[in-house]
Each structure stands twice: as C-alpha cells, then as structure tokens.
Visitor: 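Pasting a structure here, questions to come.
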There are 2 protein chains.
Amino acid sequence: MRRMTARPANAHQARLLRLLRDGGPNSRAQLGDQVDLSRSKLAVEVERLLETGLVVADGLAASRGGRRSHNIRLNPGLRFLGVDIGATSVDVAVTNAELETLGHLNQPMDVREGPVAVFEQVLAMAAKLRASGIAEGFDGAGIGVPGPVRFPEGIPVAPPIMPGWDGFPVREALSQELGCPVMVDNDVNLMAMGEQHAGVARTVADFLCVKIGTGIGCGIVVGGEVYRGTTGSAGDIGHIQAVPDGRPCACGNRGCLEAHFSGAALARDALDAAQQGLSVELASRLETNGGLTAVDVAAAASAGDATALDLIREGGNRTGQVIAGLVSFFNPGLVVIGGGVTGLGHTLLAAIRTQVYRQSLPLATGNLPIVLGELGPTAGVTGAARLISDHLFSPA
Amino acid sequence: MRRMTARPANAHQARLLRLLRDGGPNSRAQLGDQVDLSRSKLAVEVERLLETGLVVADGLAASRGGRRSHNIRLNPGLRFLGVDIGATSVDVAVTNAELETLGHLNQPMDVREGPVAVFEQVLAMAAKLRASGIAEGFDGAGIGVPGPVRFPEGIPVAPPIMPGWDGFPVREALSQELGCPVMVDNDVNLMAMGEQHAGVARTVADFLCVKIGTGIGCGIVVGGEVYRGTTGSAGDIGHIQAVPDGRPCACGNRGCLEAHFSGAALARDALDAAQQGLSVELASRLETNGGLTAVDVAAAASAGDATALDLIREGGNRTGQVIAGLVSFFNPGLVVIGGGVTGLGHTLLAAIRTQVYRQSLPLATGNLPIVLGELGPTAGVTGAARLISDHLFSPA
DNA sequence: CTACTTTCTCCACTCACAGGACAAAGCAGC
DNA sequence: GCTGCTTTGTCCTGTGAGTGGAGAAAGTAG
C-alpha cells in the first residue's frame, strides 16, 4: 500500500483532522457544530480532504429524525508508529489515525547500548508488528527518549543516562529507516501527551505528569501544550535537592530526589534491607531471583511487608515534598503520577498526597486531584503517536 | 478632553497598535516590513486607525534617499494609569500610550487597612498627578495587588497578607471610580511584564521574575505570556519549604522560604543581631531610627558590616536553593531578581548565583543569566500600564 | 399522502487581500 | 534646470475565502 503523503492545506483542514482524531467518526453536520464555519465552507474543506485521501466517507449513520448523514472518518488505513525508549526497556506500538493501539510490543533493553543497537531492536520490533498484518507501512512515527531533546531538530542533548546518544540525529536517522516523518521528544513529555489524549488529563489545560521510573522526570503542560523549556530540559526534577546533605548522586551533588527515590534507588534500598535482615520477605525474594527490583518491593508491600511499606512511604514523602514545591510554583489543575513505580500504588500515592496537601497553600491544593496515570505502559507510545499526528495534522 | 473609547477592529489593527507601542513612531513603510501585509491593505488599516483617533500622523520624517515618510504614532493624548499596591506602600504612575512614565508617586501605606482606605489613597494620588497637568483623564488603568487574583474578573482570592481584600471586586470598583477600563493582576506578574516591556527581559520568551519584598513571589512568563495557573496562585513560592523543620511561618507550616528570607524576616534577624550586640553598625542604626528594616541591613552591608553581610548571604543561599529547583523544573532563559531587597545588590545576587549554578544541571544553567531587575520601583507600574494596554490593544 | 425534520448541495454576493501601475516626493550628478 | 534613480504612498482590479439563503434529498410521524 502506498503511504499517505498529503497534509492539510490550511488551518481549517488541520482542525477537522484533529476533531476526527479525538472525537472519532462524525457527520458533516456534527463537524459544523464544532468548527464555527458555514456549512457550505465546511463542505468544501471536507470535499478537499476526501480528495487527498486523508479522510473517507463510508456508509450512512442512523437517522436522527431526518435525512441520514454520511459517516466522515479518518482514513482507516493510516498507521502511526509509537516508540518509547526507556532506560531498561523499549515499547513499540502501532496505532490507527484515531490513535487506537492495534499492536504493542515490549522488550527489555539497556539504552546505554547506544543508538545503533537500540535502533536495530526498534526496527526489528516494528517489522514484527508489520508482519503480523496490522500495518503495511507507517505514515509517521513518534519516538521518546529518556533525556532532554532539542525538539525542533529531534536530537538528544547531553542526556545523563544515555551519554552515547548525545547529538545523535534520532529524527533524521529514524526517518531514513522508516521512510516517513518522525518527531522526537522526551519520554516524560510523551507520557503527559498520552494521558492528555486518552487518559486522566483529557479535560485539563494545565497539569503536571510526574514519571517515576529508573529516574524521575516531570511533563509540564501549559494551556494544552507541552512546555519544553529554553534548552529542552524543563521538567528535569530528578536532581532537585530533596535532602540537604543527603546521599551522593551521580550528578555530583548530594541529596538529589533521584538519589533518594527512583526505581534504581528503591532497588538498592531493598537490597540493603534484605542483606541486613530487616525483611524476611525481601530476603527470600533476593534468594529466589538473585537480585531485587522495584517490582519486588511492590510485591513485598502488597504482601504486607513492613520494611517494603516503609521504603515506599519514605520515598513518597520525599517525592511529595518536591511536588509540593512545584504545586505552589505552578498551580496545576491536576497532578498525574506514572512510570514504572505505579505498581507501588496507593501507598505511594497516599504519601505524596499527604505531603502536598500539607505543605502547599490551600488555594493551590483546594481543588487539586493527585492521581495515578490511567494508561500505564501504553501512555508513552500513545503520546508518541499523538506527537506525530499533531505534527502531520497541522498546516503544511 | 473626552477619552478615547475606540478599540482595534481586528487582529491587524491590534498588531499595529502594539508595534507602535513597543517600537515607537514609525512610517507606513516600516510598519509594512514588520506585519507581512501588502502595502495597500496596511494603508487601509492605518487609515481606519487614524479615523478612530487611536493613532495620529504628525509631520514628515527625514528622507532616506526618497520621498519622506509620514510619522505614524499612537495618539500622544492617550494616558494610562499604573497602580502597584505593595504590602507597605503604594506606587501610582501615569504613562502615555508608549508606556513612558510621565509622572510617578510613591506613598507608604499598609495594605491591611483594607480596600476602601487604599482606594481613597490611590484615587487621591491619581488626582494629584492629574492636577499636575500631565493627564486630563485616563484611557485605562492597570493595578497590581500583593496576592493571588482571579484574573478574568479582577478579584483577589484568599490573599494571605491582605485578608480584608478577599473577594473585593477591585476591577469593577476602580473602573467605576475612574470611568475607564481596568485590569487587575498580581504585583509580581506586573513586575515581570514591566521587565519584559522595558527592562532586562525584552528579548526572552520564557523567564522567571523573583520579587523579594515583604514576601517572596515569582512571575512566570511562558512564550511571552504571563502564566497565572489554574486558580491564579502560580508563582507563590514564598511557602515552599526551604529549611526542613525550620522556623514557624504565618501559614502554619515550618521552614517556608518566606519565614527565612524576605524583607520582614531580614528586619527581624537584624533586630535580633543588634540586640545581641553582634553588630555595632546595626545597633547604632537601631538606636537612631528606633527600628530596623531591610534598608538598614543594606546600608550596614555596604558599610562593610560582617553581620549584615552574613544575613544577606544566608538569605541568598536559601533563596538560591529554591530557585535552583525552579530552574531545573522550568528551564528558563533568564532569571530576574527584583523587589524591595534589590538594594542588597550583588552580595545577594552572588549567593543566589552560587547556589543555582552549583545545584542545577549544566544544560539548564549553561546559558542562564541571573540578573537584577533594571526598572526598580517603576517595574510594577510599567507592567500595570502594559497590562491594560495589552487589553485595550486587542480586538474588541 | 401530508407536514415536518435533518442533511447536504448549489449559487450569488460580500469582503479581505495581493500585487501591479502609478503618482508624489526626494536625492545626486551633470 | 534636467535626467535618472530611490523611497513612499495611493489607486485599482483580480482572486479567492467565506457567508447565507434557497432548495433538493432523504428521512420520520401521523
């Protein structure tokens, strides 16, 4: 199948495409209610979109008391590829133009193996998905990497946990390989976009999305748009000082949030506790698996292990303190907690909430939900698909 | 003189008015270079603006090698009133449409006396300025208050340091009294707008403006626009925890930044030091004035008093730590330090810089200037004038 | 079969805007 | 003073975007 290369010719068409993406199929009349254009003008633009093939009219909808309407929908053959590169694993998914996931693969992989090895893996996964018959090719791809990105060029800059990627032209390279447009962003920003598109943040304009995985980052959404900062490092909250004169951190400072709570820190703390004999539960898991991760802590906690629960509460308190400061500063309408440690669930959430509600001013917290992300591992890939669709569904 | 009531009829006219405001007088040709409109269309819009009286054509400019151009400029009779209500004083200024200050008054006044008393004072000051002949009336007024504001309505909400103002319809009331449009905002946001219009932040899209006065607040500018948060309390950083289990704060928590460093905290620390005999300089000032303020500390410091310098450095360190966190989170292109304590000057700035450059990641600080505000006490009133002019110079 | 609803198409009219021709006004060199 | 060149500003016409109304198409309810 030949891939679509058309782009909306003007802002009206872009608007219509996004409406169809976010709201699903629709009639001309229903579209007209949402775009503030005369029906005649709207009909013209829809006609042009039909000509480009971006949009198709298939069948008639049920009558609503009068003439039946045509179903206008995005071309069902369009396919986006969403890639979410984490520190220790890679997610690849295929979506249709409405950003519904049609297939999803996950593979463990160390990002430090460098861009060449990771790309090979990503392309293999994409090929596998394609081979399964859900896509014959891709109309666009979004990719998230665990570090700051120079957004317009799609190039990682000075990423602490993936030094081999510094300056690697991710966008250019992937676009070459896949033969379609590509956009690159920070993985945390993509998670925020995912939750905004299909998750808990659907109706909120200004919110924060805190991702706690191997490291800690925060997606910032202002007026419905991701804010990336002057050099693309906005939301890098892992190295905010959480504990004065605290633990040494890889960045050279002491007491960074990430050094006290993150997937990596939690695993280390659990190991210490197990070795010191503080927790039978953790010790037995250590013996069984030969090592400990955040998943073990989560399991121990849900089994009622006091030490594991303490570790989670302690970390949640630290994180909550930092978030409390950010809430005072940013006054968001919602705080989403996500990432690998979401498995720690309500123990973590309770600790964070306690700190935020106690430390921030009532005006900022009065109506502030603090919730877990709804999408889990698909948030990143959904956000990636949304990123490229936002790009493609904007005037050429 | 009858006041102007016209408003720009479309986005082009609004754009032209703002260009004339920010860039001063201009010819049609020069305007055409900046707005991407054909000369004919531009001429039409300028003609309409001339008809409304918002803009005038006076005289010819010097030739630049050909026909001389007409000087197109904003009506020189337009007058804006800028009001900056601080915790302990009020600033009122009159500007022309280019936001140049034509007259400026400052009076000590306690904001806790409540809106009625403060309004009386503000109106008296405005009348005095009018009587001096620089204005016959006002085409619009901007006003800043030291607390969060529900921006669209212009009503303070739950302001901690001015409880009597909660819910008072500032915009409505002042508009009645002055007979012109009024916009209300947080004083810190206005300072940011002032520095953006005529100060150090002229060329930066994303920056932070930290105002250290009686309290501490932070103006947040995203993409050239002030960000106010979901409930209007964004930038309220005075109650971020700076010292774990630190001093008790009026808000009920412990260790808030404001409790450890602000005009009020500094004065109290200076008093303690003087009474404990730690500083001869401060003690003698206490005896002379019967009390101490941040100004005394500044004077003592510039006289070389070690205790005063220590107080400033200590406070700068605390503030710098908090700002370091915000820099990591927000990744601004500039940090402006302003407010009453600007008199503490480079000792304060050096302490803040040290903390930020040490604690934040290189990618965020690499090219980050941290500077004192350029406008001093006129930043607030200039920002207020800009606020109302932004409102009036937007399509009706 | 009639009355009414909703959906969609067609057409004429308006208005925003571009772009070129041209007039007005100035400079420089001869 | 005259000629050629430059810059500024105005006028006029053509084009295309967009509106709004008339009415056709297709349905429901009685």
Side-chain angles (χ1 to χ4, degrees), chain A residues 6-20 23-52 54-74 393-396, chain B residues 6-20 23-74 394-396:
Chain A
R7 290 277 291 274
N10 59 39
H12 295 313
Q13 293 184 17
R15 178 87 199 283
L16 291 172
L17 290 173
R18 291 181 190 210
L19 276 176
L20 290 172
N26 232 323
S27 70
R28 287 178 177 80
Q30 285 171 304
L31 287 171
D33 293 342
Q34 298 177 65
V35 292
D36 193 42
L37 274 179
S38 66
R39 277 219 283 281
S40 37
K41 176 60 179 166
L42 181 97
V44 170
E45 297 299 349
V46 170
E47 182 54 35
R48 288 182 191 164
L49 284 174
L50 287 168
E51 281 167 17
T52 65
L54 283 168
V55 151
V56 298
D58 61 340
L60 296 170
S63 164
R64 297 194 309 172
R67 175 173 170 177
R68 294 166 65 190
S69 61
H70 293 271
N71 269 333
I72 307 291
R73 63 172 67 200
L74 291 168
F393 293 171
S394 60
Chain B
R7 291 276 292 275
N10 58 41
H12 294 314
Q13 293 183 16
R15 176 87 199 282
L16 290 172
L17 290 173
R18 290 180 190 210
L19 276 176
L20 291 171
N26 233 322
S27 69
R28 286 178 178 80
Q30 286 171 303
L31 286 170
D33 293 342
Q34 297 177 65
V35 292
D36 194 41
L37 276 179
S38 67
R39 278 218 289 279
S40 40
K41 177 60 179 166
L42 181 99
V44 170
E45 297 299 349
V46 170
E47 182 56 36
R48 289 182 189 161
L49 285 174
L50 288 167
E51 281 167 18
T52 66
L54 283 168
V55 151
V56 298
D58 61 339
L60 296 169
S63 164
R64 298 194 307 171
R67 175 173 171 177
R68 293 167 65 191
S69 61
H70 293 270
N71 269 331
I72 306 292
R73 62 172 67 198
L74 290 168
S394 60

Visitor: From the options dT8(D), dT19(D), dC17(C), select the nucleotide whose nearest atom is closest to the side chain of Ser38(A).
Guide: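 Minimum distance to the Ser38(A) side chain belongs to dT19(D).
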Visitor: Could you pick out which residue, Asp36(B) or Ser27(A), lies toward the 5' side of DNA chain C when each is mapped onto its nearest nucleotide?
Guide: Ser27(A)
Visitor: What's the closest nucleotide to the Glu45(A) side chain, out of dG18(D), dT7(C), dC17(C)?
Guide: dG18(D)
Visitor: Can you say whether a donor on the side chain of Arg67(A) sits under 3.5 Å from an acceptor on the base of dT6(C), or the other way round?
Guide: no
Visitor: Among all residues two or more places apart in sequence or in another chain, which pass the salt bridge (charged side-chain N to carboxylate O under 4.0 Å, His left out) test with Arg73(A)?
Guide: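 Counting only residues at least two positions away or on another chain, Arg73(A) forms a salt bridge (charged side-chain N to carboxylate O under 4.0 Å, His left out) with Asp58(A).
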Visitor: Measure the distance from CG on Leu31(B) to C1' on dT7(D) and round it to the nearest whole Å.
Guide: 15 Å
Visitor: Nearest to the side chain of Arg28(B) - dC8(C), dG26(C), dG9(D)?
Guide: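 Nucleotide nearest to Arg28(B)'s side chain: dG9(D).
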Visitor: Quick check: are there more than 12 heavy atoms from other residues, nucleotides or ligands sitting under 6.0 Å from CZ of Arg68(A)?
Guide: yes
Visitor: Out of dG26(C), dG27(D), dT8(D), which has the shortest distance to the side chain of Ala29(B)?
Guide: dT8(D)
Visitor: Both Arg68(A) and Arg48(A) contact DNA chain D. Which one's nearest nucleotide lies toward the 5' end?
Guide: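 Final value for this comparison: Arg48(A).
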Visitor: Can you identify which nucleotide, out of dC8(C), dG9(D), dG26(C), has its nearest atom closest to the Arg39(B) side chain?
Guide: dG9(D)
Visitor: Could you state the CG-P distance from Asn10(B) to dA17(D), rounded to the nearest angstrom?
Guide: 20 Å
Visitor: Identify the heavy atoms of Ala14(B) and Pro8(B) that sit nearest to each other, and give their distance.
Guide: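 Shortest heavy-atom separation between Ala14(B) and Pro8(B) comes out as N-CB, 3.6 Å.
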Visitor: Tell me every residue that passes side-chain hydrogen bond (donor to acceptor under 3.5 Å, both in side chains) with Gln34(B), counting only those two or more places apart in sequence or in another chain.
Guide: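 In terms of side-chain hydrogen bond (donor to acceptor under 3.5 Å, both in side chains), with neighbours along the sequence ignored, Gln34(B) is linked to no residue.
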Visitor: Which whole-number value in Å describes the distance from His70(A) NE2 to dT6(C) P?
Guide: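 Interatomic distance, NE2 of His70(A) to P of dT6(C): 17 Å.
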Visitor: In whole Å, what is the span from the CG atom of Asp33(B) to the C1' atom of dT7(D)?
Guide: 11 Å
Visitor: Looking only at the side chain of Lys41(A) (C-beta and beyond, no hydrogens), which of the listed nucleotides dA17(D), dT9(C), dT7(C) gets closest?
Guide: dA17(D)
Visitor: Can you check whether His12(A) has a side-chain N or O nearer than 4.0 Å to OP1 or OP2 of dG18(D)?
Guide: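 Yes.
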Visitor: In this structure, how many angstroms lie between the C1' atom of dT6(C) and the CZ atom of Arg64(A), rounded?
Guide: 8 Å
Visitor: Using whole Å, what does the distance between atom P of nucleotide dG9(D) and atom CD of Glu47(B) come to?
Guide: 13 Å
Visitor: Can any side-chain N or O of Gln30(A) pair as donor or acceptor with the backbone N or O of Asn26(A) at less than 3.5 Å?
Guide: no
Visitor: Is a donor-acceptor pair below 3.5 Å formed from side chain Ser40(B) to base dG19(C), judging by atom type as modelled?
Guide: yes
Visitor: Using whole Å, report how far CG of Leu37(B) lies from C1' of dA16(C).
Guide: 10 Å
Visitor: Measure CG/Leu42(B) against C1'/dT8(D) and give the value in whole Å, please.
Guide: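 Result: 12 Å.
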